[in-house]
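Before any comments, here is the structure.
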Amino acid sequence: MRPEGRELVNENLQLLLESVGPLVLGAVTGTIPLALASFAIGLVLALAVALMRLSKNRIVSNIARFYVSVIRGTPLLVQLFVIFYGMPSIGITIDPWPSAIAAFSLNVGGYAAEIIRAAILSVPKGQWEAGYTIGMSSATTLRRVILPQAARVSVPPLSNTFISLVKDTSLASLILVTEMFRVAQEIAAFSTEFLLVYLEAALIYWVICLALSGGQSALEKRLDRYVAH
C-alpha cells in the first residue's frame with residue numbers, strides 16, 4: 001500500500017474511533033429516551049383508541065377510526081413537520097423535543113391501536129362470559145381477564161413497532177433534536193467524511209436493533225410458558 005493510502009486509512013480509522021463515543025452518547029441520551037417516552041405515551045393512547053374502536057357508540061368508534069386512518073395514511077415525516085413547523089402559523093409554538101415526542105406518540109398510537117384491538121378481539125368471547133358469571137363488571141373483566149391475555153398476543157407486533165420507532169427517531173434530526181443521527185450529521189459536516197460517518201451510525205442503529213430483537217425473543221419465550229398448548 002502506498003504511503004498516501006496508508007495515511008488515508010489511518011485517518012479514517014481515527015475518525016471512526018473518535019466519533020463512536022459521541023454517537024453512542026447521542027443514542028443513550030437522545031435516541032433511546034426519545035423512543036421510550038414516545039412509545040410509552042403512544043401505548044396509553046393506543047389502548048384508549050382501541051377501546052374507542054370497539055365501542056358500540058358509533059360516534060366514538062368513528063372518531064377513533066378517523067384518527068387511525070389519518071395516522072396510517074400520512075407519512076411520519078409530514079406529521080412531524082406539521083407539529084413543529086406548521087403549528088406556529090396558528091400561534092402554537094412547540095420546542096423540538098416535545099414536538100418529536102408528540103409526533104412519534106401520535107404515530108405509535110395510530111398503529112398500535114389496531115394491534116391492541118386485534119389482540120382484544122382474539123380473546124374468546126367465553127372469557128367475557130366467564131368474568132360475568134363470577135360477578136365481574138365489564139370494566140373489571142376487561143382489566144383482569146381480557147387485557148392480560150391480549151397483552152401476550154400483542155407482544156410480538158408491539159415489539160416490532162418499538163424497533164421501528166427507534167429507527168424512525170432519526171427523523172427528529174430534521175427538527176433540530178439532538179439524537180444520534182443529528183450528532184452523525186454534525187460530525188460528517190465537520191469532517192466531510194459523510195459516507196464513513198453515516199455508515200458508522202447505521203452500524204450502531206443495527207446493533208441497537210439486534211439487542212432489542214434479542215430482548216423481544218426472550219420476552220416471547222417467557223410469556224409462552226404461561227400459554228397452554
Side-chain angles (χ1 to χ4, degrees), residues 31 33-125 127-128 138-139 141-143 146-175 177 179 181 205 209 212-213 216 220:
T31 298
L34 180 58
L36 287 173
S38 300
F39 191 70
I41 297 172
L43 275 186
V44 174
L45 179 61
L47 178 59
V49 173
L51 295 178
M52 289 174 66
R53 288 274 279 120
L54 295 171
S55 173
K56 295 180 180 179
N57 186 313
R58 181 167 294 183
I59 295 177
V60 172
S61 178
N62 284 339
I63 290 173
R65 186 190 300 272
F66 175 75
Y67 163 73
V68 171
S69 177
V70 169
I71 293 298
R72 291 164 66 95
T74 57
L76 174 56
L77 182 59
V78 173
Q79 298 164 18
L80 189 63
F81 274 35
V82 165
I83 292 176
F84 185 70
Y85 293 112
M87 297 297 281
S89 65
I90 59 173
I92 303 175
T93 301
I94 308 176
D95 291 336
W97 264 89
S99 293
I101 291 176
F104 293 142
S105 298
L106 289 171
N107 190 267
V108 169
Y111 283 91
E114 290 300 278
I115 295 173
I116 294 174
R117 183 178 73 91
I120 292 174
L121 291 175
S122 71
V123 179
K125 292 183 178 180
Q127 297 294 311
W128 288 95
S138 296
T141 302
L142 176 67
R143 178 170 56 87
I146 304 302
L147 287 182
Q149 296 181 63
R152 287 195 291 268
V153 175
S154 63
V155 163
L158 287 178
S159 297
N160 290 333
T161 299
F162 180 68
I163 292 173
S164 295
L165 176 61
V166 170
K167 294 179 290 184
D168 288 340
T169 56
S170 60
L171 295 175
S173 64
L174 298 175
I175 62 169
V177 172
E179 43 72 60
F181 193 67
Y205 276 116
C209 290
L212 292 174
S213 296
Q216 173 187 348
E220 288 178 18

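What you see is a predicted model; the values in this text were computed from it and never measured.
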Partners meeting side-chain hydrogen bond (donor to acceptor under 3.5 Å, both in side chains) with Tyr205 (sequence neighbours left out): Glu179
Smallest separation among heavy atoms of Ser38 and Leu165, with atom names: CB-CD2, 4.1 Å
Rounded distance (nearest 0.5 Å) linking atom CG of Leu121 with atom CZ of Arg53: 9.0 Å
Any donor-acceptor N/O pair, Ser69 side chain to Phe66 backbone, under 3.5 Å: no
Gap separating the NZ atom of Lys167 from the CG atom of Leu212, nearest 0.5 angstrom: 10.5 Å
Which atom of Leu76 lies closest to which atom of Ala103, heavy atoms considered: CD1-O, 4.1 Å
Residue pair Leu174 / Phe84, side-chain heavy-atom distance below 4.5 Å: no
Asn107 side, atom CG; Arg72 side, atom CZ - distance, nearest 0.5 Å: 10.0 Å
Contact check, side chains of Leu158 and Leu43, non-hydrogen atoms, under 4.5 Å: yes
Minimum heavy-atom distance between Ala113 and Val49, given as atom pair plus value: CB-CG1, 3.7 Å
Nearest heavy-atom neighbours spanning Leu80 and Ser99: CD1-O, 4.1 Å
Separation between CG of Leu106 and CD1 of Ile83, rounded to the nearest 0.5 Å: 5.0 Å
Minimum side-chain heavy-atom gap Ile101-Trp97 below 4.5 Å: yes
Student check: side-chain heavy atoms of Gln216 and Ile163 closer than 4.5 Å: yes
Close side-chain approach of Ile120 to Leu51, heavy-atom, < 4.5 Å: yes
Gap between atom CG of Leu142 and atom CG of Leu147 - 0.5 Å precision: 4.0 Å
Inter-residue atom distance Arg65.CZ - Arg58.CZ, 0.5 Å rounding: 9.5 Å
Partners passing side-chain hydrogen bond (donor to acceptor under 3.5 Å, both in side chains) against Gln149 (at least two apart in sequence or in another chain): Gln127
Distance-minimising heavy-atom pair for Gln79 and Val70: NE2-O, 4.4 Å
Neighbour count above 12 (heavy atom, 6.0 Å) for Ile59 CD1: no
Minimum heavy-atom distance between Val108 and Phe39, given as atom pair plus value: CG1-CD1, 4.0 Å
Ser213 side chain to Cys209 backbone, donor-acceptor under 3.5 Å: yes
Main-chain N/O of Ala102 paired to Ser105 side chain as donor or acceptor, under 3.5 Å: no
Step-by-step side chain to side chain contact (heavy atoms under 4.5 Å, CB included) determination, Ile41 to Phe104: CA-CA 9 Å; Ile41 297 172; Phe104 293 142; over 6 Å; no
Validation row: Leu171, Phe181 side chains within 4.5 angstrom (heavy atoms): no
